[in-house]
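Below: the structure, in structure tokens.
The chains referred to below are lettered A, B, ... by the order of the sequence lines, with proteins before strands, and numbering in each begins at 1.
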Number of protein chains: 2
Amino acid sequence: MAMNCPSGRHDRHDVYASLCPCREVLDLLANKWSALAIGALEDGPQRFGALRRRLDGISPKVLTSTLRGLEAMGFVTRTVFPAVPPHVEYALTDLGRGAAVPLSGLRRWVEQHLDEITEVADAPSAAVRRTC
Amino acid sequence: MAMNCPSGRHDRHDVYASLCPCREVLDLLANKWSALAIGALEDGPQRFGALRRRLDGISPKVLTSTLRGLEAMGFVTRTVFPAVPPHVEYALTDLGRGAAVPLSGLRRWVEQHLDEITEVADAPSAAVRRTC
DNA sequence: GACATTAGTATCCGACGGATACCATTGAGA
DNA sequence: TCTCAATGGTATCCGTCGGATACTAATGTC
């Protein structure tokens with residue numbers, strides 16, 4: 001149970017240490033929209049509008065801030081093609097492709113176990129709709 | 001690219017469909033504190049205070065609401081032992097143990113790749129502290 | 001001249017996260 | 001007897017964030 005981070009140099013990081021930068025990264029990735037955006041970009045580079053449609057229900061403001069956050073940490077690149085109307089492409093970096101692996105695992109787990117979850121969450125004041 | 005959910009009965013769920021209950025589940029699990037709490041509970045049942053200490057930096061209010069959310073969806077159980085001072089134990093359900101797998105993957109990935117991330121996020125206005 | 005397209009930004013509002021203070025109850029210690 | 005610590009929260013306040021909606025610039029097309 002090492003508290004590795006708070007004390008200077010180290011080569012083992014710990015998401016359970018509040019001062020470890022891990023926390024910021026976890027906060028960025030452990031987020032509904034980030035998980036969906038990175039997953040969408042696994043199919044190849046996408047334009048803003050395509051992501052907006054794929055991430056059904058996201059508002060443009062939130063999509064912008066999600067992508068800016070991912071860009072700032074080096075998970076995606078943003079490429080502007082000078083054209084009118086504007087043409088901007090977002091793509092995963094190598095780092096982004098790496099992060100996509102555990103995130104895909106999470107998305108897949110949720111999809112595959114939803115039925116069990118709704119079953120369980122059923123009895124007490126149903127926090128989850130049962131049918132789509 | 002199936003939009004499986006919005007139309008009644010189905011046995012394939014899709015986190016990319018805004019109306020699929022998947023979304024609520026993903027929103028609950030794809031969250032910093034949920035990921036940490038479920039990870040902490042993998043070591044066995046824990047009391048409120050122990051979780052509070054383990055999830056370094058969480059406020060009691062947020063810990064309560066996180067645990068209540070996980071309980072409502074059937075990922076953790078809450079057991080009250082009638083005693084003074086109060087004694088309450090939180091534990092993973094089978095479902096919670098299942099969800100813990102991809103979440104561990106995500107936490108581990110972040111810890112193992114933090115150095116690359118800070119390196120990349122370095123050049124532009126460093127959104128991430130480099131040392132702990 | 002009117003309209004569609006694209007990648008956002010501007011604005012408003014309510015919900016949520018985070019920080020802090022506080023509570024009830026009892027056993028142990030002074 | 002008085003005081004203190006321990007536990008599992010709740011109450012309160014405040015700033016940030018998410019979500020919804022409207023709007024913009026610049027150009028090609030009809």
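Atoms CZ (Phe48(B)) and P (dA6(D)) sit 16 Å apart, rounded to a whole Å. For Glu89(B) and dG8(D), the CD to P distance is 9 Å, given to the nearest whole Å. dG18(D) atom P lies 14 Å from atom CG of Leu36(A), rounded to whole Å.
Rounded to the nearest 0.5 Å, atoms CG (Leu36(A)) and SG (Cys22(B)) are 10.0 Å apart.
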| query | How does protein reach along nucleotides 14-19 of chain C, written 5' to 3' as B (base within reach of a heavy atom under 4.0 Å), S (only sugar-phosphate), or - (no contact)? | reply | ---BBB

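We find that Arg107(B) and Glu42(B) are joined by a salt bridge, their nearest charged nitrogen and carboxylate oxygen being less than 4.0 Å apart.
Within the nucleic acid shown, Arg52(A) has no heavy atom closer than 4.0 Å to any nucleic acid atom. Using a 4.0 Å heavy-atom distance criterion, Val88(A) is classed as a sugar-phosphate-only contact.
Between Trp109(A) and Leu103(B), the closest side-chain pair of non-hydrogen atoms is not below 4.5 Å. A heavy-atom distance below 4.5 Å is found between the side chains of Ser34(B) and Leu70(B).
Under the 3.5 Å distance criterion, the side-chain polar atoms of Thr93(A) are matched with a main-chain donor or acceptor of Phe75(A). Under the 3.5 Å distance criterion, the side-chain polar atoms of Glu89(B) are left unmatched by any main-chain donor or acceptor of Arg78(B). In this structure, Gln112(A) contributes its side chain and Val110(A) its backbone to no donor-acceptor pair below 3.5 Å.
For Arg47(A) and Tyr90(A), the positive end is not near the middle of the six-membered ring at less than 6.0 Å and at most 45° from its axis.
Under the 4.5 Å side-chain heavy-atom criterion for grouping Ile, Leu, Val, Met, Phe, Trp and Tyr, Val76(A) is not connected to Phe81(A) through any hydrophobic cluster.
Near DNA chain D, defined here as any heavy-atom distance below 4.0 Å, there are no residues from residues 75-82 of chain A.
In the set dT6(C), dA6(D), dT27(D), dT6(C) carries the atom at the smallest distance from any side-chain atom of Pro86(A).
For dG8(C), one of the phosphate oxygens OP1 or OP2 lies less than 4.0 angstrom from a side-chain nitrogen or oxygen of Arg68(A). Regarding contacts with the backbone of dG8(D), a side-chain N or O of Arg47(B) is found under 4.0 angstrom from either OP1 or OP2.
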